[in-house]
Amino acid sequence: MITIDGPAGAGKSTAARLLAERLGYTLVPTGAMYRALALSVMRSGIPAREGPELQAHLAPLSVSVKAGRVYLDGEDVTDAVRSQEVARVTSEITTLGSVRAKVTPLQRQLAAGGGVVLEGRDTGTVVCPDAEVKFYLTATLDARARRRRAELSAVGATAALDAITRELRARDTQDETRALAPLRKAPGAIELDTSDLTAEQVVERMAAAVAGPRADGPPDANRLYTVLRLLAVGAMRTLFRLESTGRENIPATGPVLLVANHSSLLDPPLIGGAAGRQLTFLAKAELFEIPGFGGLIRRLNARPIRREGADPGALRTAMRALADGRAVLIFPEGTRGDEGVIRPAKAGAGMLAVLSGAPVVPVYVKGSGRAWPRGQRFPRPNKVSVAFGAPLRFNGERGGDRKQRYEIASREMMEAIARLRDGITGGAGRPRPESYAGRSK
């Protein structure tokens with residue numbers, strides 16, 4: 001998740017679009033979403049001030065973003081919202097609580113799946129304060145005025161440069177002094193002056209910042225993770241008599257990919273409690289939309305992944321974590337299954353293993369599917385054990401094309417998990433995984 005904030009005319013929109021294209025991320029132009037509401041207010045003729053009339057007008061409106069374009073009640077208004085008049089009304093309504101209450105949840109929902117670039121004025125401070133990378137773009141007033149005039153000319157509008165300059169100065173004052181979500185640089189944001197840079201130069205510097213540099217030492221420990229892990233391990237040993245074997249197979253430092261079977265919501269904390277290292281793990285994007293809970297699991301190193309189709313954003317997030325020397329936990333099967341049944345891995349698991357070159361530690365969790373199976377509201381006491389197998393290596397130099405190498409890696413990691421299962425269960429009392437017998441053909 002990447003946020004780009006800054007004053008009007010600093011080049012945020014162009015930089016965000018180009019950066020998203022370069023990374024394969026989804027663009028979320030938050031400012032354009034506010035301008036869409038401003039356009040609707042202008043068309044309706046209602047006053048741009050807080051009150052029941054504005055609230056009633058906003059309630060049924062639909063604002064959405066698809067492929068970087070903004071839609072108002074299904075109408076593509078991406079170009080229509082670039083006018084000077086819309087910009088003026090936008091500056092008025094963005095100070096209103098009812099407008100922000102309408103837009104901010106929509107922006108967070110769009111960002112919840114990860115692999116996004118958000119552009120606006122409060123994306124790193126209010127909308128997504130937990131974003132992995134934050135930028136703050138700025139430029140001289142003169143440079144910004146010239147850019148804004150070029151933008152207006154591109155859509156057939158004209159305005160005097162001095163008039164644009166005055167409007168930008170007034171907008172700066174309003175944005176920086178408003179009581180609700182004022183414009184400011186987010187903590188940890190990378191500031192970039194774009195006055196004398198081309199759009200391509202700006203994106204080059206931003207892409208370089210996203211990619212690194214990497215620290216030579218081990219990643220910093222997450223204190224909240226450490227404290228909650230101690231509490232969770234105590235609870236899991238009491239409720240589930242948690243035991244683990246093979247923890248020495250997890251490298252003490254450096255990148256490592258843990259791949260595990262998945263039959264219960266308990267699997268991430270069980271593995272995290274049994275492992276000797278802090279883990280970064282991928283979780284379904286819907287969990288991040290739950291108020292409070294989404295923010296908590298993000299602070300506990302969880303990152304979202306969309307389960308429908310390919311999710312290049314999640315792949316890049318995992319690759320970045322591994323490049324940072326972290327331990328990453330994934331569930332190759334994608335969704336929860338039945339206790340003891342090993343299913344085929346999704347293609348992305350093998351791709352991550354091959355592209356990262358990190359050691360792959362297979363993990364088998366026994367008993368979690370009985371402790372908290374699908375469809376059961378609350379967990380119940382049941383013996384649970386976690387086994388960590390010997391690391392696997394997939395360096396991508398085997399014969400065949402890339403897709404075939406990914407399939408081989410996916411198959412071999414699931415076979416390693418199945419061997420751990422058989423070693424724990426002795427092959428007795430478990431369902432026969434017929435679906436896995438026909439894997440990756």
Side-chain angles (χ1 to χ4, degrees), residues 1-13 15-16 26-42 47-51 54-55 57-59 61-65 70 72 81-82 86-112 116-139 141 144 148 167-192 288-289 291-292 294-296 298-299:
M1 187 181 300
I2 300 170
T3 63
I4 305 175
D5 292 319
K12 302 186 304 294
S13 298
T26 299
L27 174 63
V28 182
T30 64
M33 297 175 73
Y34 283 109
R35 289 194 290 271
L37 291 186
L39 178 64
S40 179
V41 169
M42 291 169 56
R49 60 171 181 264
E50 194 65 88
L54 177 63
Q55 294 170 6
H57 176 75
L58 295 175
L61 293 182
S62 169
V63 179
S64 59
V65 176
V70 181
L72 174 65
V81 300
R82 303 303 302 180
V86 171
R88 183 188 63 78
V89 177
T90 301
S91 69
E92 298 175 7
I93 69 169
T94 51
T95 63
L96 306 179
S98 60
V99 172
R100 290 195 167 271
K102 173 76 175 182
V103 177
T104 300
L106 297 177
Q107 296 168 347
R108 288 174 176 161
Q109 183 177 359
L110 289 169
V116 295
V117 176
L118 296 100
E119 168 264 319
R121 285 174 174 76
D122 64 350
T123 60
T125 55
V126 175
V127 181
C128 295
D130 296 324
E132 287 84 357
V133 183
K134 304 176 186 177
F135 292 100
Y136 186 84
L137 301 192
T138 187
L141 185 59
R144 291 159 50 206
R148 180 50 57 89
E167 182 170 335
L168 287 176
R169 185 182 292 113
R171 180 68 187 269
D172 289 348
T173 301
Q174 183 181 64
D175 287 343
E176 293 169 2
T177 59
R178 67 192 181 203
L180 189 62
L183 171 65
R184 67 181 188 274
K185 179 182 174 182
I190 301 168
E191 185 168 343
L192 184 58
F288 294 81
E289 300 174 11
L296 174 62
R298 184 177 289 278
R299 287 191 290 272

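Throughout, residue positions are numbered sequentially from 1 according to the sequence presented. When reading the values below, keep in mind they use all heavy atoms of this one structure, side chains included, and skip hydrogens, waters and symmetry mates.
Atoms CD and CG, from Q107 and L118 in turn, are 7.5 Å apart once rounded to the nearest 0.5 Å. Note that CG of L72 and CZ of R35 are 13.5 Å apart. Values are rounded to the nearest 0.5 Å. Between the CG atom in L96 and the OH atom in Y34 there is a gap of 10.5 Å [rounded to 0.5 Å]. The OG atom of S64 lies 9.0 Å from the CG atom of L106; values are rounded to the nearest 0.5 Å. From Q109, atom CD reaches atom CZ of F288 across 14.5 Å, with rounding to the nearest 0.5 Å.
Among all heavy-atom pairs drawn from A181 and V126, the shortest one is CB-CG2, 3.9 Å. Residue A48 comes nearest to I93 through the heavy atom pair CB-CG2, 3.8 Å, listed as atom of the first residue, atom of the second, then distance. In plain terms, the two heavy atoms of A38 and T90 that are nearest each other are CB-OG1, 3.3 Å. Closest approach of T125 to R184, counting heavy atoms only: CG2-O, 3.7 Å. When all heavy atoms of A186 and K134 are compared, the closest pair comes out as CB-CD, 3.9 Å. Across every non-hydrogen atom of M1 and A111, the tightest pair is CE-O, 3.3 Å.
The side-chain heavy atoms of L168 and P7, taken from C-beta on, include no pair separated by under 4.5 Å. Side-chain contact between V103 and T30 is absent, with no heavy-atom pair separated by less than 4.5 Å. Residues K185 and D5 have side chains not in contact (no heavy-atom distance under 4.5 Å, counting atoms from C-beta outward). The closest side-chain heavy-atom distance from L110 to V116 is not below 4.5 Å. In this structure the side chain of Q55 never reaches within 4.5 angstrom of the side chain of K102, judged on heavy atoms. Taking 4.5 Å as the limit, some side-chain heavy atom of V70 sits within range of a side-chain heavy atom of V63. Considering only heavy atoms from C-beta on, F135 stays 4.5 Å or farther from L192 through its side chain.
Remark: the backbone N or O of V127 is paired with a side-chain donor or acceptor of R108 at under 3.5 angstrom. Although no hydrogens or angles enter the test, the distance criterion places no donor-acceptor pair under 3.5 Å between the side chain of E191 and the main chain of T138. Using modelled atom types, one side-chain atom of R100 and one backbone atom of T94 make a donor-acceptor pair closer than 3.5 Å. Side-chain atoms of E50 come within 3.5 Å of backbone N or O of S98 as a donor-acceptor pair. The backbone N or O of E119 lies less than 3.5 Å from no partner atom in the side chain of T123, so there is not a single donor-acceptor pair. With K12 contributing its side chain and G6 its backbone, the two residues share a donor-acceptor pair below 3.5 Å.
The 12-atom threshold is not exceeded at CZ of R49, counting heavy atoms of other residues, nucleotides or ligands nearer than 6.0 Å.
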task: Applying side chain to side chain contact (heavy atoms under 4.5 Å, CB included), run through L27 and V65 and close with a yes or a no.
output: CA-CA 8 Å; L27 174 63; V65 176; over 6 Å; no
task: Output, in order, the C-alpha distance, side-chain angles, deciding distance and verdict of side chain to side chain contact (heavy atoms under 4.5 Å, CB included) for L37 and L61.
output: CA-CA 8 Å; L37 291 186; L61 293 182; 3.7 Å; yes
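With sequence neighbours left out, the side chain to side chain donor-acceptor pair (under 3.5 Å) criterion links E92 to R88. With sequence neighbours left out, E132 forms a salt bridge (charged side-chain N to carboxylate O under 4.0 Å, His left out) with R298, R303. In this view, S40 and H57 satisfy the side chain to side chain donor-acceptor pair (under 3.5 Å) rule, not counting sequence neighbours.
Salt bridge status for R178 with D122: absent, with no side-chain N to carboxylate O gap under 4.0 Å.
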